[in-house]
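Each chain gets a letter, A, B and so on, in the order its sequence line appears, and its residues count up from 1.
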Number of protein chains: 2
Amino acid sequence: MLQYSRDNMAELLRAHDINPTHQRIEIAYALFSRQEHLSADQVMTIVNDRHAETSKATVYNTLNLFLEKGLIREVIVDPSKVFYDPNTGPHHHLYEVDSGQLTDIDADDVRIEGLPALPKGMETVGIDLIVRVKRTA
Amino acid sequence: MLQYSRDNMAELLRAHDINPTHQRIEIAYALFSRQEHLSADQVMTIVNDRHAETSKATVYNTLNLFLEKGLIREVIVDPSKVFYDPNTGPHHHLYEVDSGQLTDIDADDVRIEGLPALPKGMETVGIDLIVRVKRTA
DNA sequence: TCTAGGATTTGGACTCTGTCTAACTCCCGG
DNA sequence: CCGGGAGTTAGACAGAGTCCAAATCCTAGA
Ligand SMILES: [Mn+2]
Ligand SMILES: [Mn+2]
Ligand SMILES: [Zn+2]
Ligand SMILES: [Zn+2]
């Protein structure tokens, strides 16, 4: 997908079994066209920037729907809010604690070894690696 | 430290430049005697179990003070609440997403390789590795 | 022992993220 | 041109965490 348009957002949604509505397309477009990690609040602001038309409830409903359907991923690094990530491929995160800036780290280059065997009857849902950094004093 | 008592909590606090008050000792004792990952709310419940004497404000003040002074660590795995960890040594976490159960993974056995160089002027604050698991379907 | 003053604690108001609900709107198939 | 299910909405609500000004505690002098 070379460029993100509202039209291919609709296709993307259908491909994930999501009925593409106006609001859902706008929210998907906000995330995918920027390829950034956004909080619900930021999504809300972006989507309602020109003309308010999407409610808080719909933003949350939609983000949770996207999560369920595997269209996006959530990143939990900040105790005060969740970030939503349009990149669902395996990757890790660099978190700048002061600014809140969140950057992807490609998983191809990173090797994690020596993890203990999982407890019986458990399966891995995901492995999150977060490198927390700050500006040097 | 073979066994945790309120007395050696006072020493521990002093060693971290924290004036040991009754409330601070109780809160430290809750965390260190159990060696568990506790939420602020759980700390509050434990500390006030027999006889209510510590306010919510003090629980949060104290946990944040302990964090600042490096006595404890926070673990961010659940979007709805922070866990406080008396183990400040390098280690990772196994998180059981359904129950909320949080377990330590010794860092000695785990190798993380191939992380990219940090951006200029940045230094690492910490590396968090979280293995999210769930009960097999 | 008494006391002033800084440190600590406190209740409760407040903020913020996120959820819930019941009513409303939209849209499509017949 | 309906009827009805899917989607959206405003606003109430819940829970974690912060803030504040007042009350309390504790200790270093006198
Ligand atoms: Mn629009
Ligand atoms: Mn007590
Ligand atoms: Zn990412
Ligand atoms: Zn731990």
Are the side chains of B:Ile46 and B:Glu36 in touch, meaning some heavy atoms are under 4.5 Å apart?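 No; the side chains remain at least 4.5 Å from each other.
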Quick one: does A:Leu31's side chain get under 4.5 Å of A:Tyr84's, heavy atoms only?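 Yes - at least one pair of side-chain heavy atoms lies under 4.5 Å apart.
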Between [N] atom [atom2] and [X] atom [atom1], what is the distance in whole Å?
X: A:Ile25; N: C:dC26; atom1: CD1; atom2: C1'; value: 14 Å
X: A:Gln23; N: C:dC24; atom1: CD; atom2: P; value: 18 Å
X: B:Arg14; N: C:dA7; atom1: CZ; atom2: C1'; value: 16 Å
X: B:Ile18; N: D:dC26; atom1: CD1; atom2: C1'; value: 18 Å
X: A:Met44; N: C:dT19; atom1: CE; atom2: C1'; value: 14 Å
X: B:Leu65; N: C:dT9; atom1: CG; atom2: C1'; value: 13 Å
X: A:Phe83; N: C:dT17; atom1: CZ; atom2: C1'; value: 13 Å
X: A:Asn61; N: C:dT21; atom1: CG; atom2: P; value: 12 Å

Hey, does A:Thr58 reach any base, or is it just sugar-phosphate, or nothing, if we go heavy atoms under 4.0 Å? base
Should we say atom CZ of A:Arg111 is surrounded by more than 12 heavy atoms from elsewhere, each under 6.0 Å from it? yes
With respect to the side chain of B:Asn19, which nucleotide from C:dA7, C:dT9, D:dG7 is positioned closest? C:dA7
Please enumerate all protein N or O atoms sitting under 3.5 Å from an N or O of nucleotides 15-18 of chain D, with distances to 0.1 Å.
{"unit_1": "D:dG17", "atom_1": "OP1", "unit_2": "B:Val82", "atom_2": "N", "d": "3.1"}
{"unit_1": "D:dG17", "atom_1": "OP2", "unit_2": "B:Tyr60", "atom_2": "OH", "d": "2.8"}
{"unit_1": "D:dG17", "atom_1": "N7", "unit_2": "B:Lys56", "atom_2": "NZ", "d": "3.4"}
{"unit_1": "D:dG17", "atom_1": "O6", "unit_2": "B:Lys56", "atom_2": "NZ", "d": "2.9"}
{"unit_1": "D:dT18", "atom_1": "OP2", "unit_2": "B:Asn64", "atom_2": "ND2", "d": "3.3"}
{"unit_1": "D:dT18", "atom_1": "O4", "unit_2": "B:Lys56", "atom_2": "NZ", "d": "3.4"}

In terms of side-chain geometry, is the basic nitrogen of A:Arg6 or A:Glu26 positioned less than 4.0 Å from the acidic oxygen of its partner? yes
Carboxylate-amine/guanidinium proximity below 4.0 Å for B:Asp98 and B:Arg135: no
Could you check whether any side-chain N or O of B:Arg24 sits under 3.5 Å from a backbone N or O of B:Asn19, counting only pairs where one atom can act as donor and the other as acceptor? yes
